[in-house]
2 protein chains.
Amino acid sequence: MINDDSEAKQPIKIKSTQDLGQLVREYRVAQKMTQADILGLANTGNRFIVELENGKPTVQFQKVLDVLDALGLELAVRINGSLK
Amino acid sequence: MINDDSEAKQPIKIKSTQDLGQLVREYRVAQKMTQADILGLANTGNRFIVELENGKPTVQFQKVLDVLDALGLELAVRINGSLK
DNA sequence: ATAATAAATTACCGTATGGTAATTTTATTT
DNA sequence: AAATAAAATTACCATACGGTAATTTATTAT
C-alpha cells in the first residue's frame, strides 16, 4: 500500500442524507463494527441503521446523533465554505 | 460594547437538538431574518421552524439541512474531539 | 461448495411528524 | 399606550417513521 493511514481526519461536509449514510457506513466498516454492534450502543432497531446508511432523508435528527456518537463521531455546524 | 465581532467563526459542536435549535435561532437573529423568511427559502412550514429552534429531537434530518442551507450554514462530521 | 455471519427486506402497526391556516401570545416600534 | 410585527400554539389530518421480529439476500470464512 502507498499510504497506510489514508483516512482523512478532517471534517467531512454533509450536503445530503446520502452523504451522511455513506459516511456512516464507511466509518462503521473501517471500525470493523457490524450494524448489530451499533444497535446496542445507539439504542435503535436494525431498520433505522439500514435506512440511515441508505440515505433516507427523513431519519430523525437525535437518532442520527446517537449513532454518530456510538461511532465516535460528532456533528458540527459551520459557516458555509469556512475552512472549505 | 467590548467586542463587536464576538460571533465565533469556528465550527460549533452539536451534541443535541437543543444545541442545534439554539444555534439556528441565534444565527437567524444575528442575520436579522425572521422565521417567515426561512419558511420560503427552506420550503417548510412555521411549525417546523418553531420545533427545530425549540430543540425537538425528532425533526427530520434533511429538513434541518434545508434550513441550515437557507441560513448559509453547513454540517460537518468529524472524529470525536478532533479539532476540539 | 457449505456453513456461518452480516446486511437487507418485509409485514404489522402504534405513534408522531409536519403542512396548513387560524388564533393567541409575545416582542418591537412609533 | 396603540399599533404593528414576529413568534408560538392549536386543531385537523394525511402520511409515514421506526420498533420488532421473521425472512431473505449477500458477504465472508472454513
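Convention: sequence-line order gives letters A, B, ...; per-chain numbering from 1. Since the structure is predicted, the reported quantities are computational estimates derived from the model, not experimental observations.
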**Message:** Rounded to the nearest 0.5 Å, what separates atom CG in A/L75 from atom CD1 in A/I14?
**Reply:** 7.5 Å
**Prompt:** Any salt bridge (Lys or Arg N to Asp or Glu O under 4.0 Å) pairs touching residues 35-57 of chain A, not counting sequence neighbours?
**Reply:** A/R25-A/E53, A/R28-A/E53, A/R47-A/E51, A/E51-A/K56
**Asked** Is there side-chain contact between A/V50 and A/Q35, with heavy atoms separated by less than 4.5 Å?
**Response** yes
**Request:** Could you list by number each residue of residues 31-45 of chain A showing a heavy-atom separation from DNA chain C of less than 4.0 Å, or answer none if no residue does?
**Result:** A/T34, A/Q35
**Request:** Starting at atom CZ of B/R28, determine the distance to atom C1' of C/dA27, rounded to an integer number of angstrom.
**Result:** 12 Å
**Request:** With sequence neighbours excluded, tell me which residues meet side chain to side chain donor-acceptor pair (under 3.5 Å) with A/Q22.
**Result:** A/E26
**Request:** Answer whether the closest heavy-atom distance between the side chains of B/L73 and B/L23 falls below 4.5 Å.
**Result:** yes
**Complete:** Stems field, DNA chain C, Watson-Crick or wobble, 3.5 Å, at least 3 pairs, by first number, holds C:1-30 with D:1-30
Review item, side-chain donor-acceptor pairs of residues 61-71 of chain B, under 3.5 Å, at least two apart:
| residue | atom | partner | partner atom | Å |
| --- | --- | --- | --- | --- |
| B/Q62 | NE2 | B/D66 | OD1 | 3.2 |

**Item:** Spacing of A/Q22 atom CD relative to C/dA7 atom P, expressed in whole Å
**Value:** 17 Å
**Prompt:** Rounding to a whole Å, what distance do you find between A/F48:CZ and C/dA8:P?
**Reply:** 14 Å
**Message:** Please determine whether a side-chain nitrogen or oxygen atom of B/K63 lies at a distance below 4.0 Å from atom OP1 or OP2 of C/dG19.
**Reply:** yes
**Prompt:** Whole-Å distance between C/dA6 C1' and A/I49 CD1?
**Reply:** 13 Å
**Prompt:** Is the shortest heavy-atom distance from the side chain of A/M33 to the side chain of A/L41 under 4.5 Å?
**Reply:** yes
**Fill in**
note: A/N46, atom CG; C/dA8, atom P; distance rounded to Å ~ 10 Å
**Request:** Establish, with yes or no, whether the OP1 or OP2 oxygen of C/dA8 is under 4.0 angstrom from a side-chain nitrogen or oxygen of A/R25.
**Result:** yes
**Item:** Contact summary for A/D19 and A/K13, nearest pair of heavy atoms
**Value:** OD2-O, 3.9 Å
**Complete:** Closest to the 5' end of DNA chain C, once A/R47 and A/N54 are matched to their nearest nucleotides, is A/N54
**Asked** Hey, are the side chains of A/R78 and B/Q10 touching, using non-hydrogen atoms and a 4.5 Å cut-off?
**Response** no
**Item:** Spatial distance of atom CG (B/N54) from atom CG (B/L20) [nearest 0.5 Å]
**Value:** 11.5 Å
**Request:** Provide, to the nearest angstrom, the distance between the CD atom belonging to B/E51 and the C1' atom belonging to C/dT17.
**Result:** 8 Å
**Message:** Evaluate B/I79 against A/Y27 for side chain to side chain contact (heavy atoms under 4.5 Å, CB included), listing each step before the verdict.
**Reply:** CA-CA 10 Å; B/I79 296 177; A/Y27 198 79; 3.9 Å; yes
**Range on DNA chain D touched by chain A, heavy atoms, distance below 4.0 Å** = D/dC17 to D/dA22
